[in-house]
Amino acid sequence: MRTKLPRVISRVGGAVLAGAVVALMAATPPAAQAVTDGVECETPTSASDTAESYVLTAKSGYVFTPDGNSIFMWGYAGSTGSFQLPGPTLCVTAGRTVSVTLKNTLPDPVSIVFPGQQQVTADGQADAANLAASPPTLAKPAARTSGTVTYTFVPDKPGTYLYESGTDQRKQVQMGLFGGLIVRPANYASGGADAHTAYGTAATRFGEGQEYLHILSEVDPAVHLAVEKNRVVNWAGYRPRYFMINGRSMPDTLAPNRASYLPAQPYSAFVHVQPFDPTANPDPAIIRYVNVGTVTYPFHPHGNSQRVVGRDGRPLQDGAADLSYDKFLVNVGPGQTVDTLFSWTDVDMFDPIDNSLAEFVPNQADVMTTGDTFYSQSPYLGSYADPIQGVTSYNVCGEYYHVAHSHALQQSTNYGAAMGGMMTLIRIDPPSALQTVDKPCN
């Protein structure tokens, strides 16, 4: 993975959004302190060529929202033992035995279900639902406060999946008991035909270090307050107020993985790609969507379609026929997963000297915009210049940004305030030929 942080913002669809994003950039750590972007896989507690094991602990904690709120949550902690939202991303290999031991510290019994996985056992026995239990459960739970249960399965089909609590699901999934499960093709790491593919096919190949996971969720803070205070939840009044990607709302979605000011929300939702190049960068990025909410999220990347290549852990193909398609708005239904490939092509062959495209930006180029922000570049990808010393500059290395957000506009808010919620940015770097030693795109 790369260690890159968005430092500056260009035109992204409105002055209000640009101001909010620039404010975030001023608050984030400098690039030298940034950690990786993209998918961060949980390290197994043990692993071999045939099996891998994980330990998850159900805990409570708090997450922060950009409007200054803090919300009581439940979540699955990973190997560090710290509460987090969402749970650790489990990246496993098709054909290997996967064991997940759940330890429960919560006041309710808790379980884990793995939709799309077959013949899951719990403590060595065939797992089964018990809807007559109180609360009802789809899997054997770990008893409240100190219970333990181990789930075992052998994933046979690569793709994107989720895992979530199977006990009192309406409450426990809303409280944050969920995470992402990525099943790799059997020969994913071999360097052969399956290497860096979603489904072991050439049509699902993606670039190394360009893998992103967007877990889409919603939060009704009234539910969380009731659980925190041990009160009865008024489900009839359920109304989500926050809409999140990877447990964060915009503009926190842009911060890097493991941002220090989001200690319980470790995963960024920022996407950082390179332009298509037949030699230097022939493969697209992959963006994996997972919906753990209660409604369909119509996710919309501005300025570029994404190619849908898989849904619910199955490739879009019929025999040898490729059924993938380009989509400008990716609908992700409740409980669904969608795999998309994202590639950006410089169709105009821009060059700041030989093919500047004569972009005309009235009252914007080479001007002070706010008294301390200087804009000296083309709005098109690839041009950059040295800013005035001591001021902030847009597009330090000539990069470009697309907004990506839920097209249900109420989901792009923080408690009703616009330009927040389920929203992020996609950054495209200039072609490598336009980068120099003193101006690398990082």
Side-chain angles (χ1 to χ4, degrees), residues 56-78 81-88 102-113 129-149 162-180 215-249 252 262-267 290-295 334-335 411 413-416 421-422:
L56 301 178
T57 304
K59 291 188 171 184
S60 63
Y62 290 86
V63 299
F64 301 127
T65 59
D67 55 1
N69 200 358
S70 63
I71 302 174
F72 179 73
M73 304 285 297
W74 292 351
Y76 294 116
S82 301
F83 161 79
Q84 67 174 72
L85 181 76
L102 171 63
K103 298 180 179 180
N104 185 20
T105 69
L106 297 174
D108 289 8
V110 170
S111 64
I112 306 178
V113 292
N130 184 359
L131 300 183
S134 181
T137 187
L138 299 176
K140 180 181 179 179
R144 59 175 57 88
T145 68
S146 61
T148 299
V149 61
L162 66 90
Y163 66 89
E164 60 187 352
S165 176
T167 304
D168 199 3
Q169 280 197 304
R170 181 170 64 172
K171 172 184 174 181
Q172 294 192 5
V173 175
Q174 167 62 205
M175 288 301 296
L177 291 172
F178 55 79
I215 299 181
L216 311 177
S217 65
E218 63 195 42
V219 170
D220 180 351
V223 172
H224 294 250
L225 181 62
V227 173
E228 181 180 16
K229 300 298 183 182
N230 198 27
R231 299 170 181 165
V232 175
V233 175
N234 176 22
W235 290 108
Y238 178 74
R239 184 180 179 184
R241 301 284 192 171
Y242 296 100
F243 301 89
M244 297 179 167
I245 311 174
N246 297 343
R248 300 179 181 181
S249 295
D252 291 341
L262 298 167
Q265 297 149 275
Y267 301 142
V290 176
N291 182 348
V292 297
T294 63
V295 298
Q411 296 168 2
T413 67
N414 294 319
Y415 216 101
M422 199 173 284

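- In this structure, CD in Gln84 is found 10.5 Å from NZ in Lys59, a value given to the nearest 0.5 Å.
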Verify side chain to side chain contact (heavy atoms under 4.5 Å, CB included) between Val219 and Arg241, making sure each step is shown before the conclusion. CA-CA 6 Å; Val219 170; Arg241 301 284 192 171; over 6 Å; no

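- A donor-acceptor pair is defined here as one N or O able to donate and one able to accept, closer than 3.5 Å; no such pair exists between the side chain of Asn291 and the backbone of Gly335.
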Report the C-alpha separation of Val173 and Asp168 in whole Å, then their side-chain angles, then the decisive distance to 0.1 Å, and conclude whether the side chain to side chain contact (heavy atoms under 4.5 Å, CB included) test is met. CA-CA 8 Å; Val173 175; Asp168 199 3; over 6 Å; no

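- Looking only at side-chain heavy atoms (C-beta outward), Phe83 and Pro263 stay at 4.5 Å or farther from each other.
- A side-chain contact (heavy atoms from CB on, under 4.5 Å) with Leu177 holds for exactly one of Val292, Val110, Leu102, Leu56; it is Val110.
- Of the inter-residue distances, the one linking Arg239 atom CZ with Asn234 atom CG reads 13.5 Å to the nearest 0.5 angstrom.
- In this structure, Leu216 and Phe243 have side chains that are not in contact, with every pair of non-hydrogen atoms separated by 4.5 Å or more.
- If you take CG on Asn104 and OG1 on Thr145, they are separated by 7.0 Å, rounding to the nearest 0.5 Å.
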Could you walk me through whether Met175 and Leu106 satisfy the side chain to side chain contact (heavy atoms under 4.5 Å, CB included) test, starting with their C-alpha distance in whole Å, then the side-chain angles of each, then the deciding distance to 0.1 Å, before giving a yes or no? CA-CA 12 Å; Met175 288 301 296; Leu106 297 174; over 6 Å; no

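- Taking OG of Ser217 as the start and CE of Met73 as the end, the distance is 6.5 Å to the nearest 0.5 Å.
- Here the CD1-CD distance, from Ile71 to Glu228, works out to 10.5 Å after rounding to the nearest 0.5 Å.
- Scanning both residues, Ala77 and Pro88, for their nearest heavy atoms gives C-CG, 4.1 Å.
- Residue Gly180 comes nearest to Tyr163 through the heavy atom pair O-CE2, 3.4 Å, listed as atom of the first residue, atom of the second, then distance.
- In this structure a side-chain-to-backbone donor-acceptor pair under 3.5 Å is present from His224 to Phe72.
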Run Lys171 and Trp235 through side chain to side chain contact (heavy atoms under 4.5 Å, CB included) and show every step you take. CA-CA 9 Å; Lys171 172 184 174 181; Trp235 290 108; 3.9 Å; yes

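- The two residues Pro109 and Thr167 make their nearest non-hydrogen contact at O-CG2, 3.5 Å.
- Judged by distance alone, the side chain of Tyr76 and the main-chain N or O of Ser165 form a donor-acceptor pair under 3.5 Å.
- For the pair Pro334 and Thr294, the minimum side-chain heavy-atom distance is 4.5 Å or more.
- Using a 4.5 Å cut-off on side-chain heavy atoms (C-beta onward), Val227 and Gln174 make no contact.
- Gln265 contributes a side-chain N or O that, together with a main-chain N or O of Phe64, makes up a donor-acceptor pair within less than 3.5 Å.
- At least one side-chain heavy atom of Trp74 sits less than 4.5 Å from a side-chain heavy atom of Asp108.
- Using a 3.5 Å distance cut-off with no hydrogens or angles, the side chains of Thr65 and Ser249 do not pair a donor with an acceptor.
- In this structure, CE on Met422 lies 10.5 Å from CG on Asn246, to the nearest 0.5 angstrom.
- When every heavy atom of Gly237 is checked against every heavy atom of Asp220, the shortest pair comes out as O-OD2, 4.0 Å.
- Taking 4.5 Å as the limit, every side-chain heavy atom of Arg170 sits out of range of all side-chain heavy atoms of Tyr238.
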